[in-house]
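Right, one structure below, let's go through it.
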4 protein chains.
Amino acid sequence: MIKAGIIGASGYAGNETLRLLLSHPNCEVVAVGGRSALGQKVSDLYPSYYEHCDLTFVSDEEVIEKADIIFAGLPSGLSEKYAKMCDEQGKKFVDLGADFRLHNEEDYKEWYKGEYKDKDLHQKQVYGLPELHRDAIKQASIIGNPGCYPTSVCLGLYPLLSHHLNASDHIIINSASGTTGAGKKLTEDTHFTKTNESFHPYKAGNHRHTPEIEQELSLMADKKVTVTFVPHLLPVNRGIVSTIYVKVDKDLDEIYKIYKETYQNERFVHVLPLGKNADLKFVTYTNDCHISLHMDERDHTLIIASTIDNMIKGTAGQAIQNMNLMYGLPEETGLQMVGPSF
Amino acid sequence: MIKAGIIGASGYAGNETLRLLLSHPNCEVVAVGGRSALGQKVSDLYPSYYEHCDLTFVSDEEVIEKADIIFAGLPSGLSEKYAKMCDEQGKKFVDLGADFRLHNEEDYKEWYKGEYKDKDLHQKQVYGLPELHRDAIKQASIIGNPGCYPTSVCLGLYPLLSHHLNASDHIIINSASGTTGAGKKLTEDTHFTKTNESFHPYKAGNHRHTPEIEQELSLMADKKVTVTFVPHLLPVNRGIVSTIYVKVDKDLDEIYKIYKETYQNERFVHVLPLGKNADLKFVTYTNDCHISLHMDERDHTLIIASTIDNMIKGTAGQAIQNMNLMYGLPEETGLQMVGPSF
Amino acid sequence: MIKAGIIGASGYAGNETLRLLLSHPNCEVVAVGGRSALGQKVSDLYPSYYEHCDLTFVSDEEVIEKADIIFAGLPSGLSEKYAKMCDEQGKKFVDLGADFRLHNEEDYKEWYKGEYKDKDLHQKQVYGLPELHRDAIKQASIIGNPGCYPTSVCLGLYPLLSHHLNASDHIIINSASGTTGAGKKLTEDTHFTKTNESFHPYKAGNHRHTPEIEQELSLMADKKVTVTFVPHLLPVNRGIVSTIYVKVDKDLDEIYKIYKETYQNERFVHVLPLGKNADLKFVTYTNDCHISLHMDERDHTLIIASTIDNMIKGTAGQAIQNMNLMYGLPEETGLQMVGPSF
Amino acid sequence: MIKAGIIGASGYAGNETLRLLLSHPNCEVVAVGGRSALGQKVSDLYPSYYEHCDLTFVSDEEVIEKADIIFAGLPSGLSEKYAKMCDEQGKKFVDLGADFRLHNEEDYKEWYKGEYKDKDLHQKQVYGLPELHRDAIKQASIIGNPGCYPTSVCLGLYPLLSHHLNASDHIIINSASGTTGAGKKLTEDTHFTKTNESFHPYKAGNHRHTPEIEQELSLMADKKVTVTFVPHLLPVNRGIVSTIYVKVDKDLDEIYKIYKETYQNERFVHVLPLGKNADLKFVTYTNDCHISLHMDERDHTLIIASTIDNMIKGTAGQAIQNMNLMYGLPEETGLQMVGPSF
């Protein structure tokens, strides 16, 4: 049994990791941390656990001491310290936050207003998107688990960019996310009366996931790719749809064929038949990504819709997929749930 | 491996049974029927299955032929024929509909306008609420899987009535259900623009689940119990809350103690600490039932709130719980999911 | 033109009053108060007003000075002081809160933990439910504007109790309200991810609207009537449905006839044809109340469903209806909107 | 009093026109048509009207006979006949559908598979977007009332294109609409369990509003402008947000200044302060359009968010705005409602 611990388990990301790990056949959650909830039971914060899980929030240090692999759901700037402790003790570390995603420290400084104190540590970080970096993940000890928006975008563009089918290196990305993406913190924008029957863009052209998206797109294209990225807040609990606009000079059938081939052996990425529309309804509560392809023939603009559950494939499920790879388990272990469709 | 088949798998009840069985470690779904969808793939109707499940809808007869246990999600009046076929072939039959729930044929005639053609067959039927009839279920070959509302009501009242703590034999039941309870059929009342931002009672004092509720309450109380039952349609996908009003002459602490004792060994029924409110948010996507108890001291009226996921504990999960009992498996096999809390 | 002022206009109740008064042909809003928002524009808090209303939040004293009638949307315990100021200056005062609703100070002490400092002032208070107390309202200078739940309940029971058609003096009231009822304050229970796809009772048998309901029901029945009242939180923005259970010894047709007669001249109260279900969908964004009647024949239990928009007939619309009466205007002035039905 | 009639008043568009006209001080609705509902009362289909409006659905011919101005909410292809009748009788005609929007019959043939039988009639049509074509509307007898998506897009781009501030003539438009846009017809995609907690694109790059958008954008830019337009279905009842991406070579402050100037005298179009996000929450239930401007500085891509209520500014409110202009009334008559903000 893998001994897993979760730091920041009182937040949504850490907590969803706990929830999914409780069903994982090869892993036991030995401790959960949550500074603001120290001494409380998990079920005090999240009543679904009532009489199912007796874990109590302990100190972060205790989590690291007891576990072999540590998941951390912390605000940006706080993970490095724990990653270092794990590294020194030979333990694996999966950061659910943004501190180990960007390879270029300048990007981190610009978008997160922080710095990499231990630069050697960051040399070890691997960007934990299995469909792109599977081999590196298997060897990794420190994983920067991808952001939710970047996961949907990178999976949506990987076949296109890695096959150099794009005719432009600037890409428009219009995304929409359910409110679990905004987390547990009470805000005016996530007060029910405000969010319900509402929809709006936020941080248009200015969201922190932008450099992460550009890093990965440029890697797959093997040249600089830039994006205009605009997220929107959806009045649903879960799910992201990224609608991506990119000029191409191939026709849709050819592109579709390459998408199907690229993902033919992937358990979690599904390219829908032409004519279908990706819909978050069909991936929520799963680790799946659905992709649909559409063409505006009049202008050779390819439209890619890519959808995931932001809390699972966009966070906790992907973290577990990474854990499975790091421990040599079948990648889908504990992640084989089919979504409800209604 | 148990070989399971599902008749009427194109509807919500049958389909949810399929979805859950796909994660069951001791059961294989060998065939699914769906007359209106013959020849179509399951994923054509329910896209979550895309590239995960290759089953195609076949004839009902083929389902019965291939399977050892058959689940039937059919409109009332259609199940008897299939139950008989199964009975003659020594196969187990779990009716997700209402044809094998009522022991008194007169009730069936009055509320469902049908009749019991094969009366011997109905002698074999067992009401499949494990917390009430566990021993009988273990021996059963024909299960009348309970209705969703009756499940929430019976679990909410069982400790009270079986310990004769009620001071009145007439009970007021105010229930609210998510729209999956209304099924797949398109209706004006479940058109999004109508249901969204809406709430209303329906079939007030006149819903078909009334005789089923009274049958079970009378059995547990060992005398005639009557109810006034009013369901409401909630603008959510899943979940039922039944708020039950009953005169008592004991105090709340004593009643609470008996509830906790009654359910102390039940995996799926959870009596919340006094002061908490049962909320469907915390049981949806699980086989759990949460119960909270409250007292209007001024009038000795006990208020019981009992909540379940109508599609799981109220339908498909309960059916699988019954299957587990019938096959001697641990009751919670394949049903251990914890809900998301958000 | 009536000169109206609103104290506590930064909250939902005061703000909805402002919004509706802006369309009132005989009334001008001369000032709005909001201590927490002093100096801000109304449109800073409520963007719908942007470029439509230039009012800025001023001090409560300034509001009273400028206006002839003052609406107050304040937490309980804070209104008495302002009512006194208005009374001394010969101005009319409509309290949207609970400080002038209860005639028996003991009830106020028990449920609101406060006291009536100026007992003479409370001698002047009139309970502002026009359908019950129209004549008194016309003469009133201090109005206790009814609570949202009590409005739905009192209108639902008035014909029955005033005609002594009830066979029991204890009544079960199961209500459900949209989240605007919980107000502007951020809470865990009204965080979108929590409220959405949720439903639960709260303060079961213990809600502050209980004594207000019992006061009015007892008045109309001319004897002591008690209730068990359980509110629930609905995942919608607006609207209340109260489902009321009461033993009767008349039949449904006779009761229906009396309901229709009682309300035949009321502009805002509508008794639906038998067979229809009251639904908040059809009264939201209006000052209407829809009532439907149902009978559980087996037990002579009458089921009354009564629905209003909690922010309009339950708060701001009713306050304006009271103002119209106090100023001798047609009762429906500024309140004639028809709801959208979708 | 203007005598108005509505053909197709049983559908959402016609019905919303009726609802708003009932509050219009200078207009009386003399008759409503609805072939599928002949002889029924309006309140039978839309219960909000119960005891408020006694209109009964009559034949289309009767509507035209009684009214001076006729609004038609019909499927495409059916309006020409009625427009001709009105034209011959000297009556005004406002088509809520698409039959009088496209000036180039070839576009109509391609996208609507129909033809213009009476070409002279189409010479008289005016595209009824007051902010663009106010003078022509004042003189018009036949109005093609704009589509909901095109209204949001045209208002969002008008200042930019009419001032030639765009650096590219191809524009990306990502829109999302509430489900009233899909109308009254029951479909699988608007079944509550499907739409709720869902989001997806549809008709990507292929929606019928595309030629209408391009017609108007080209007119304002005075050269050919093309768009890639992708609508999405939002799980809300009302409201559209169009997020528009266009290359520019001016900076944001300069563009903002021109937007403010362009719309400074418009009652219904509001350019939000820089830093704010347009949100449909704040325009629903009103005739307003909110526009917010954002810049991706790294790529000189201007992001315009434009939001309206699809049923009001996108349909019925705009139709009434057109009527007001045609009759020389103040443009805002009957349309001055402020939205609820919650």
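Here is the naming used below: chain letters follow the sequence lines, and residue numbers restart at 1 for every chain.
When the candidates B:Lys194, B:Lys203, B:His232, B:Lys281 are compared by the number of heavy-atom contacts under 4.5 Å with chain C, B:Lys281 comes out ahead. Comparing B:Phe199, B:Phe342, B:Phe192, B:Phe282 by heavy-atom pairs within less than 4.5 Å of chain C, the highest count is held by B:Phe199. In terms of non-hydrogen atom pairs under 4.5 Å with chain C, the most contact-rich of B:Arg298, B:Glu297, B:Met295 is B:Arg298.
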Using the rule given for side-chain hydrogen bond (donor to acceptor under 3.5 Å, both in side chains), can you reason through C:His200 versus B:Asn277, listing the C-alpha separation, both sets of side-chain angles and the distance that settles it, and then say yes or no?
CA-CA 7 Å; C:His200 65 85; B:Asn277 300 307; 4.5 Å; no
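Both the backbone and the side chain of C:Ala204 come within less than 4.5 Å of a heavy atom in chain B. Using a 4.5 Å cut-off between heavy atoms, C:Asn174 touches chain B through backbone and side chain atoms alike. For chain C, no part of B:Thr307 is nearby; none of its heavy atoms comes within less than 4.5 Å. Of the two parts of C:Thr210, only the side chain, counted from C-beta on, holds a non-hydrogen atom closer than 4.5 Å to a non-hydrogen atom of chain B. Both the backbone and the side chain of B:Asn237 come within contact range of chain C, each with at least one heavy atom under 4.5 Å from a heavy atom of that chain. Residue C:His294 touches chain B through its side chain alone, counting heavy-atom pairs closer than 4.5 Å. B:Leu280 touches chain C through backbone and side chain together, each having a heavy atom under 4.5 Å away.
Residue C:Pro201 comes nearest to B:Ala305 through the heavy atom pair CG-CB, 3.8 Å, listed as atom of the first residue, atom of the second, then distance. In terms of heavy-atom proximity, C:His170 sits nearest to B:Thr301 at NE2-OG1, 3.9 Å. Contact between C:Val236 and B:Pro235 at its shortest, heavy atoms only, is CG1-CG, 3.7 Å. Of all non-hydrogen atoms in C:Ser198 and B:Asp279, the two that sit nearest each other are OG-OD1, 2.9 Å.
Below 4.5 Å, heavy atoms of chain B meet heavy atoms from C:Thr226, C:Val227, all part of residues 219-227 of chain C. Contacts of residues 238-245 of chain C with chain B at a heavy-atom distance below 4.5 Å involve C:Arg238, C:Val241, C:Thr243, C:Tyr245, listed in sequence order.
A distance of 10.5 Å separates CZ of B:Phe229 from CD1 of C:Ile303, quoted to the nearest 0.5 Å.
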